[in-house]
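Below, read A as the first sequence line, B as the second, and so on, with proteins coming before strands; counting in each chain starts at 1. Predicted model only: the values in this text are computed from it and were never measured.
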Amino acid sequence: MFSALIYSFLFLSAHVFSIHAQEFFQEQLTLRPHRDGTVLGHFAFTTLLKSATPREPETIRIEDTSQHYTLFPLALGQVLREYAITELHLSLNAGKWSYDRWGYPEEDGVGTGAELWAWMAEGPGASVDERWRGLRSNLAGLFCASLGSMDEQRTTSPSLTFLPEGDLPGPSTPYQLRHGTLPSENVCTENLTPFLKLLPCKSLSGIASLLNPHRLFDADWHGMGIHVRYVENAGVEVRLTFQGVFDPVRYSTDGKRDWSLHSIFDRTIQKTCPVARHSKIRLISTTDAVDVSPAPNTFNAAFSVYDVNTVSKPLDISMQWSNESHFEYPLSLDSPPPTHISVRRTLKGTEQSRGQLAIVIENHQDKQIKASYLETMPWLLQFHLNSIQVKWNSAPRDDLMSIVSYIPPVPHSRPTLLQSVLTLPPNGTMDLTIDVTKPFLRYTEHPPDAQRGWDLPPAVFRPLIIANDSNLRRLPRIYTPILLVDLATPDFSMPYNVIIMSCTLIALIFGSVFNLLTRKFVLTKIPNEPPQ
Amino acid sequence: MAEADQQQPPIDLSKLFFQSTTTRRRIIASYWIVVILAIPIWWRITSIDRLSLPESKVSALDTRDLRLPLRVGLQSNVPGISSNSIETQLAHRLKRDAESHCVFFESAPVDLNRQSTPGTYDVVIEPGAPNLLLDGRRLSVRSQGETEEQVLDALTNLVLPSSDGMEALRIVKYSPRFRIAFSLLNEDATSGRSILSWDVEAAIKRYLAPALEKLSILHNFTIESQVQYHAPLAFRPHEIQIGEQTAHSLTQEDLTVFVNSAEWTLSSSVSNDPVIHFVLFVPSADDSPLYILDHNGTPSSADAFILPQWGGIVVSNNARPHLKVADLEHTFVTFHNQLLSLLGVPSLPANVDYDYSLPFTDWQLDALVRLRTMQNVENSKETLRSIVALVHQIENMPVGQDVKGDVQGVLDALDLVFAESSSSLMFALRHSSDALTRASRAFFNPGMLALLYFPAEHKYAVYTPLFASVAAPLVATLAREVAAWRKTRREQA
Amino acid sequence: MSNTLGMYRTVKRLGIPDSNIILMLADDTACNPRNKFPGCVYSNAARNLDLYGDNIEVDYRGYEVTVENFIRVLTGRVDPSVPRSKRLLTDDRSNIFVYMTGHGGNEFLKFQDNEEISAFDIADAFEQMWQKRRYNEILFMIDTCQANGMYSKFYSPNILATGSSEVGQNSYSYENDNDIGVAVIDSFTHHILQFMEGIDKTSQKTMQDLFDVFDPVKIHSTPGVRSDLFHRPLSQTLVTDFFGGVSQAEVFLPLIDTKTSMPPNGLDSKQPRAQDDPQDDAVDDDSGVFPSIRGSYDADLLALSSGKISLSSQDGMPARGARAWTSIALVGALVVWVGIRTRAKR
C-alpha cells in the first residue's frame, strides 16, 4: 500500500483539468410576462470547463487526479469525479406548473418536488447502483435535501423519456440511466444557500444578486435546477438554473401588473460579476403596448437584451402597462393553447383498496402527434395492465397505444415503470384509464407524523411532432401535477390492541384445550331418580 | 329392564385411557417440558447478538509497550572527543525519555557505506571549522575542541525532538489520507483589487511536491484548489495610519475569527478525509493594504498565520489579475512551511545545517514516523479498551461479526507492529496506521448502535397478557397434581 | 422551531461554521404554504428578527429527524455513505453544545409523532462519545416540559447540563404571534437568547453569568443546572467555550531566506506566538421541543456541534414536531408510565 501511495500521488497526469483547461462563465436572466399578469424569471448560470471529459468509471478505484478549478464549482466537481457521472440533472421545485396559462417553461424539469436523473457509464470498480447511491447521499448533503430517501423504491431507468441532453463519450461504452423522484420534497432557503455558494459570484454581484430567498419562495411557482452535461468538442458544462413565476399583481397595491426588478426581487443589480463572460437579461416581448425602461441594448421582435456588463448601474428594469388602470384577469385561456398538448391526470375512486387512474390528453394541433408516456409509480399504487382503456373522443380505440414497456413493482422494494407511445390524432381528446390497487403498508412504513397521504410522482409526456422536413422533432417534456393517494392507515395504538387481543384468544384456546386434556371426570349419582 | 340397567356396573372412569392418572400426568409433564425447552429458544431469539470480544488479549495489550530502536554509530576522529563517552551520555539521556517516546538506544558500528535505513544513524566527528551538517541519516560534525555537550544536545534533539504544548495543539490528528485544499479568496472581486486566476497547479508542483512526496510515506494526499471572488470577512478590519498612508489591520483576536465559514465555501463534501486548508486571501480595495498586528499593536511584517489543525492563511496585499508561478513563490513557500508544521514535522536544532534543496531531512522524517507510530498504537489500544468497556457497560449494544473481525484485525496489526518495530520503522508505521483505521471502524460500526432504551416494565407489559393467562392453568394443574400425588403416597404409606 | 433557529443563529453569529453545526428541523415551517411570511421564521411576535435568514443549512429535515439518526450522529456510528455535512466530526479537543427542544416529559423527548428519546439513550450516547474521546466538554441544554429529568441520567464526565423546568413542571412559551396563530418562542430560550445577544466572539462572560440570568418568575418554570459532572468552576467557564468558535492563530513571520527556489529550513524562521489561551470551539447539539401544553408549532430538535481549538464545527438538527394535540395524549400516557416506573424503583 505504501509504495503505491508514493506513486498514487499524482501531479503529472492531470491533463484533464490541466492549467490549459479554460473555464468560462456566463449568466442570463430571461423575463417573460404572461397573459395572466405573472412574470416568469429564469436564471441560468453556465460554467463550461473546456476540453474536460467526464471521469471514466474504469479509473474509479485508483486515485483521482487533483482537481483545480477557478470558476467551476469545486463541491460539484468533486461529486462528479467521485462517482464518474457523465450527465446529471437535479431539480427541486415547488408548486404546480400550469402549462395552459404559462406555456412551456424555460427548463423542462418542472415536476413538483425533487427529481434527479443521471447518465453513468458502466465500468468495473463500482457498480452503477453503488455510484447512484453515493451520488444521492452526497447531493443530499450538498443541497440539504432529503435525496438520500430516493432509494431503490423510487429509482427507475426510463431511458425513452430521459435521453441525454449532451453527448456520451466513447461510442462503445455502455451507459445507464438512473432516475428518481421525491414529489413531497420541500424547497426552501436551506436548498438555495448551497446553490448560491456554487456560483462564482455567489449572490453578491451580477445577475445572481437578484436571488433573494424571501421573494423567490413567495413565488407562485419556483424551482431550482443543476444540470451537468458533456458536450463533445466543448467540455463539461454545468448549468445552474432558477425559475420562478412571480405575481406582480399580488405585490402591487393598486392592482396593476406593472413590475420592475425591484418590485419582484426587492433588489436591483448594483455590480457586475467580474468573471462573467456574458451577463445578459433577455426580456421577452409581449403583444401589449408596454413601456420598458431603461432602453435595452439590442432588441428584436421576440425579445430585448440588456448587457449587464455594460449597462449603467444600478439596473432596475421595469415594464409598465401605462394605459391600464388596473389589471383584469383574462376570463378565457389562450386560444390556441400555448402548448401542443394538455394533460390532466386524476386518481378516481374513494375506496382504500382500489381506484382508477385517469388521464386526459388533448391534442391542440391540426396534425397527428406522437407522445411518449411515462409513469414511474412507487409500489404504493399498482396498475392492472389488463384494464387499460384508451378512448379517442369517447370512442374506444385500441390502436393508439403502442410500444408498451412495463416493469411491475415489487412491494417494499421496486417501483413500477410504465412507458408507452401514444398516437394522438389531430384535434381531439384521448381518455386513458387504468385500474389500480392500493396495497397495505407495513406498520413501520407509515410516516411518523400526522400525514395527509402519499404524494405520487408526476407522469411525464414527451410529444414528438412531425416538423416541416418530415423529421420527428422532440418537444420539451410535459409533467403532470403530482397526485395524492390515501392508503389504508391503521390506528397506531393498534399494536398494543393486537397484542392484547391475540393474547386473550391464545389464552382462551389454550386454556380450554388444556383443561379438557387434564380435567378429571368423575361420576356423580343423581340422587332423585325419576319414577319409572 | 330397569333392574338390568341398574345391575350394569357404572363405568369406571379411571379405566378410560384419557382419565388415567398416568396419562394425565404425562400430558401435564409434556406441556411443562415444552415450556422448559422453549425457554432457551425464547431467550436466544429475543436476545441481542453479542459476540464475545477477545477481551483478555485487549487487556494484555496494557503490558505490551512499543519500543522503537535508535541505532546510533559514533565515530570520533578528533582527539579529545571520545565517542564512547558521548555514547554513554547519549544512552543515559535517551533512557530518561525512553518511556515517553517509546524508544530504546542501541549502539551500532559506524558504516558509512551502508544503505540509509530509518532508525539507524551515523555520527562522524572530524576536525574542521565548527559545523553540524546532516546528510541523509548521517551527521557530520566538524569540530576543533570541546563540543561534546553541543553534539549531545543536537543529537538528542534530532532523535527525540521536544515538543511544547503549542505544537501538540497545532498538529493535525493522524489520518492515512488528507485532502489539501488551496483556495484563492478575493474579499470582493468587484472592488477592483483582485486576483482572478493563479497557476496553482504548477506552483504546487514546484514548491510543494518534494515535501508531499516525502510525506507520502505517512499520508496519502489528495489535492484540490478553487478560486472565489466573493469571500467577505465577518468583521471590518481596523483602520490604522502608517505614515501618510491609511492601512487596515488585523489584531490577534481578529485572526482567531478570520475564517468566515458561513460565506466561504471551503469544506469539501465528498469524502470524510480530514482537510487541510491553505488560503491566499486578497483583501478588497476598501480593506487594503491589510497588515497583521503583533501583540504590541504595531503592524508586523508577517503576512501569514496558522489556525491550529485547520490550515494556513496568507494575506496578499499584492493584487494582479493573474498570478504566475514565480509570483506565487512567497505564498507557496509559506504554505510549505505551514504544511510541515501542521503535519508535525519537527524543527531542527538551531545550529544544524542540511542540504536546502531537500524539503526536510530524513532525521526529521524518522522522528515524525516514530511519533506517529507511537500515537497510533496508543490510540488503537485506547479505542479497543473503550469498545470492551462500552460493551460491558451498555447491555443492549449488539456486537456483530464485523466488529469482532475488526477487533481481531487490530490485535493482529498491533502484533505486527510490535514484531516489526525493531526491524523496520516503516512497516511498523504502516501496521499501526492499519490498526488505527480498523479500530475506528470497529468503534464506529453502524451495527453497534445500542437499541433504544426499552424499560423492563414495557417488556412485562407486552408479555404479561399472554404469559400470565397461559401460566395460570399450567401452574394450577401442576400444583393440584402434585398435591394429589402426595396424598396418594401418604395413603399408600 | 424558533427556539432551535435562535440558537442556530447565535452559535453561527459567534463564529461556528455551518459545517460544524448539525441542524435537525422536523418541519418545513419557513416555506410551508401556511406560513404567511415565506422563507422567514421570526423570533418574536414583533417580527423584527428573521431567524431563517438568507443563509441557512439544514442538515437533517423532515422524516430524517429520528431518534436513531440523532443517536447515530452523536455516537458517530453512521452509515459509510452519509455525507460529511451530516456527521459530527469532533475529537477530544471539541466542545459540544447540544440543544434540544420539543414536546417532552419526565426523562423523554418526543421525536415526530411516534417515537421518543429517553434520558438513558442520551446518557449512553454521551458515554460512548466520552469513551471515544469525541468531546472535551458538553453543554447540554433542553427546553421542554419537565426538562430537567432529561439530564438526570448522565454519568459521563465533563458534561454541563441545564434544563428549562423541573420534573412535574411545564415549560411555557414566551409569546404568541396571532398573525400566524402559533407560539413563537419559549420563555427559557428567549431569556437565554437575550443574554446571548449581549455576547460577541471575544466576550469574557462566564456560564455562571448565564445561569444567574435564570429567573423562575420570568420564565414561569424553574430552570435547573447540573454541574456535578463538570470539573471546571462555572465562574471560570466562558460562554464562548461552548457557543463560540474561537480558535487561536499563530502568526508566521516572513521568511528570511527566499533566495533558493526551494523552501529553506522554514521551521526555524517561523516563530509561532500565540497570545490567547487555547480556546475551545463549541459544539452544540440542540434538539428543541416546544412545550406541549401550548399548541405551538411542531417540535424541533436542533443539534449543534463544534470542534474546539481549530475552528469548530457545529451541527444542528431540528427535531420534527408533533402535532400538539396528539402529543398531549401521548405525553400524558408516557408521563403516567414514567411515573409508575420511577415509583416502582424507589
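Heavy atoms closer than 4.5 Å to chain C are found nowhere in A/Ala94, neither backbone nor side chain.
By the disulfide (SG to SG under 2.5 Å) test, A/Cys144 pairs with no residue at all, sequence neighbours left out.
If you tally non-hydrogen atom pairs under 4.5 Å between each of A/Asn191, A/Val187, A/Asn212 and chain C, the highest count goes to A/Asn191. Ranking A/Pro213, A/Ser146, A/Ala145 against chain C, the residue ahead of the rest is A/Ser146, based on heavy-atom pairs under 4.5 Å.
Between the side chains of A/Thr268 and A/Gln270, at least one donor N or O sits under 3.5 Å from an acceptor N or O.
For residues 41-72 of chain C, no pair satisfies disulfide bond (SG atoms under 2.5 Å apart), with sequence neighbours left out.
Classified by interplanar angle (parallel below 30°, tilted 30° to 60°, perpendicular above 60°), the ring pair C/Phe70/C/Phe111 is tilted.
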